[in-house]
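Take a look at the structure below.
Remember, it's a predicted structure, so these values are computed and weren't measured experimentally.
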Amino acid sequence: MTSTTNTAAAAGTWQLGDRTVNRLGFGTMRLPQRGEALIPDAVPRDRDQAVAVLRRAVELGVNHFDTAAFYFSALRSANELLNRALAPYPDDLVIATKVGPGRDPSGHWLPHATPAQLRGQVEENLRQLGRDHLDVVNLRIVGSDSIAERFGALAELRDAGLVRHLGLSNIHTHHLAEAQAIAPVVCVQNMYGIGASAEQEEVLRVCGEQGVAFVPFYSIAGHGRTAGASPDEGSVVEAVARSRGASAAQVRLAWTLQRGAHVLAIPGTGDVGHLEENVAAGALRLSEGEVRELGLGL
């Protein structure tokens, strides 16, 4: 399928809190470096190239960007690139960020933030993005322990006006109920795509029932995660892609978007051509048979 004839609007829209966003968004994790993300020796991406990708995304109708202060390489940070490329920000632009994890200046991971440390992480995102409030802040967690203290700390920052809306990332279904008892949750970010586990499907379903946006990560990369997607040669994905004149990545995105009107895709890339292909996937409508066949796995 052509990569430049469609905009992000072709995927439809969703009401994210009090903001309307196109369901095809952009994730910035891959932007600060070439190759694998979130590793200490990542090779920085050319700044002009990264800025060009972000500006082209806005031209193509992308108005939902996902980022984090811990998305950085030796010379680049995703937040700084967003600031450089898009400020002053368009009125309809929604930037969602994540707190919880942290990395030291050399890129090594730190222990997740305590409730008292979350304010500092929120303020760090504000400084880097050049904003006086954050549209959406997702609490990213690991494990199944209670999140009440940490989510409660973010709810206080929301009440103080530093944060507009709250979300969750990498959760189990009981975390959503726990958080909703403290403050409204507008989105959940979890790993999801073709071949999803029963638990991943359950989180998707529960979000849909509650009107909470489901924002999948690694929809294209799958188990390749931060290293990126592996070839799908010989798979059902490749067969559908060939029959549709599309790429495997476009088929994966289209399938994910068709899992529910509440699904917001955030594919990321540092290449303008790949960006245009990803955005075009928002207009690809798979048949019920294709969706079912792809859902059975590879």
Side-chain angles (χ1 to χ4, degrees), residues 13-22 25-29 62-72 77-83 86-103 110-142 145-171 175-190 203 207 210-217 262 264 266:
T13 62
W14 181 260
Q15 195 72 19
L16 191 60
D18 62 348
R19 310 294 297 280
T20 301
V21 297
N22 291 325
F26 184 89
T28 64
M29 185 188 72
V62 173
N63 58 4
H64 173 215
F65 288 83
D66 173 75
T67 188
F70 55 85
Y71 288 173
F72 65 86
S77 82
N79 285 350
E80 176 268 330
L81 290 167
L82 280 165
N83 194 341
L86 304 182
Y89 300 104
D91 291 340
D92 68 339
L93 194 72
V94 173
I95 297 178
T97 190
K98 287 174 290 299
V99 295
R103 298 165 71 200
L110 299 168
H112 277 222
T114 65
Q117 292 170 329
L118 288 172
R119 182 180 184 113
Q121 290 192 342
V122 166
E123 291 174 344
E124 181 181 15
N125 278 280
L126 288 167
R127 286 192 299 271
Q128 292 177 357
L129 290 166
R131 310 197 78 175
D132 58 8
H133 75 277
L134 298 174
D135 297 320
V136 181
V137 171
N138 294 302
L139 175 64
R140 182 171 176 83
I141 67 167
V142 173
D145 293 345
S146 171
I147 62 170
E149 269 195 280
R150 286 170 288 169
F151 195 77
L154 292 181
E156 291 177 1
L157 297 181
R158 174 179 174 268
D159 292 342
L162 295 182
V163 177
R164 194 163 190 159
H165 299 294
L166 298 176
L168 298 168
S169 179
N170 202 42
I171 65 161
H175 289 131
L176 178 57
E178 186 179 23
Q180 292 277 42
I182 298 170
V185 175
V186 300
C187 59
V188 167
Q189 288 190 349
N190 269 30
V203 176
C207 286
Q210 297 189 20
V212 174
F214 183 78
V215 188
F217 53 82
H262 65 301
L264 311 180
I266 49 168

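Under the 4.5 Å side-chain criterion, counting only non-hydrogen atoms from C-beta, L93 is in contact with F65. Counting heavy atoms from C-beta on, the side chains of C207 and H262 come closer than 4.5 Å. Residues Q189 and N170 are not in side-chain contact: their nearest non-hydrogen atoms beyond the backbone lie 4.5 Å or more apart. A 4.5 Å side-chain heavy-atom check between L168 and L176 finds at least one atom pair inside the cut-off. L16 has its side chain within reach of L264: a pair of non-hydrogen atoms, C-beta onward, lies under 4.5 Å apart. By the 4.5 Å heavy-atom criterion applied to side chains, N22 and V62 are not counted as neighbours. Under the 4.5 Å side-chain criterion, counting only non-hydrogen atoms from C-beta, H64 is not in contact with V136.
To the nearest 0.5 Å, atom NE2 of residue H112 and atom CZ of residue R140 are 7.0 Å apart. Note that the CG atom of D135 and the OH atom of Y89 stand 10.0 Å from one another [nearest 0.5 Å]. Within the model, atoms CG of L82 and CZ of F26 stand 8.5 Å from one another, a figure rounded to the nearest 0.5 Å. One distance of note links CG of N79 with OG1 of T28; it measures 7.0 Å at 0.5 Å rounding.
Pairs passing the side chain to side chain donor-acceptor pair (under 3.5 Å) check and including a residue from residues 157-166, sequence neighbours excluded, read D18-R164, D18-H165. A salt bridge (charged side-chain N to carboxylate O under 4.0 Å, His left out) check over residues 90-100, counting only residues at least two apart or in different chains, returns the pairs D66-K98.
Nearest heavy-atom pair across H175 and D145 is NE2-O, 2.9 Å. Contact record, P184 with F151: O-CZ, 4.4 Å, taken as the closest heavy-atom pair. Nearest heavy-atom pair, A78 versus T67, reported as atom, atom and distance to 0.1 Å: CB-OG1, 3.5 Å.
With sequence neighbours excluded, no residue forms a ring-ring contact (aromatic ring centres under 6.0 Å, His included) with F72. Residues meeting the side chain to side chain contact (heavy atoms under 4.5 Å, CB included) test with N190, sequence neighbours left out: I171, V188, V203, F214. Applying the side chain to side chain contact (heavy atoms under 4.5 Å, CB included) criterion to D132, with sequence neighbours excluded, gives no partner residue. Applying the side chain to side chain contact (heavy atoms under 4.5 Å, CB included) test to R150 and every residue at least two apart in sequence or in another chain returns P115, L118, L139, I141, I147.
For the 3.5 Å distance criterion, the side chains of N125 and T97 qualify, holding a donor opposite an acceptor. There is no side-chain donor-acceptor pair under 3.5 Å between Q128 and S77.
Between the Q180 side chain and the V185 main chain, a donor and an acceptor come within less than 3.5 Å of each other.
Among I266, V186, N138, the single residue meeting the side chain to side chain contact (heavy atoms under 4.5 Å, CB included) criterion with V215 is I266. Here the rule is side chain to side chain contact (heavy atoms under 4.5 Å, CB included) with L134, and of L157, L162, L166, L129 only L129 fits it.
Atom CD of E149 has 12 or fewer heavy atoms from other residues, nucleotides or ligands within 6.0 Å.
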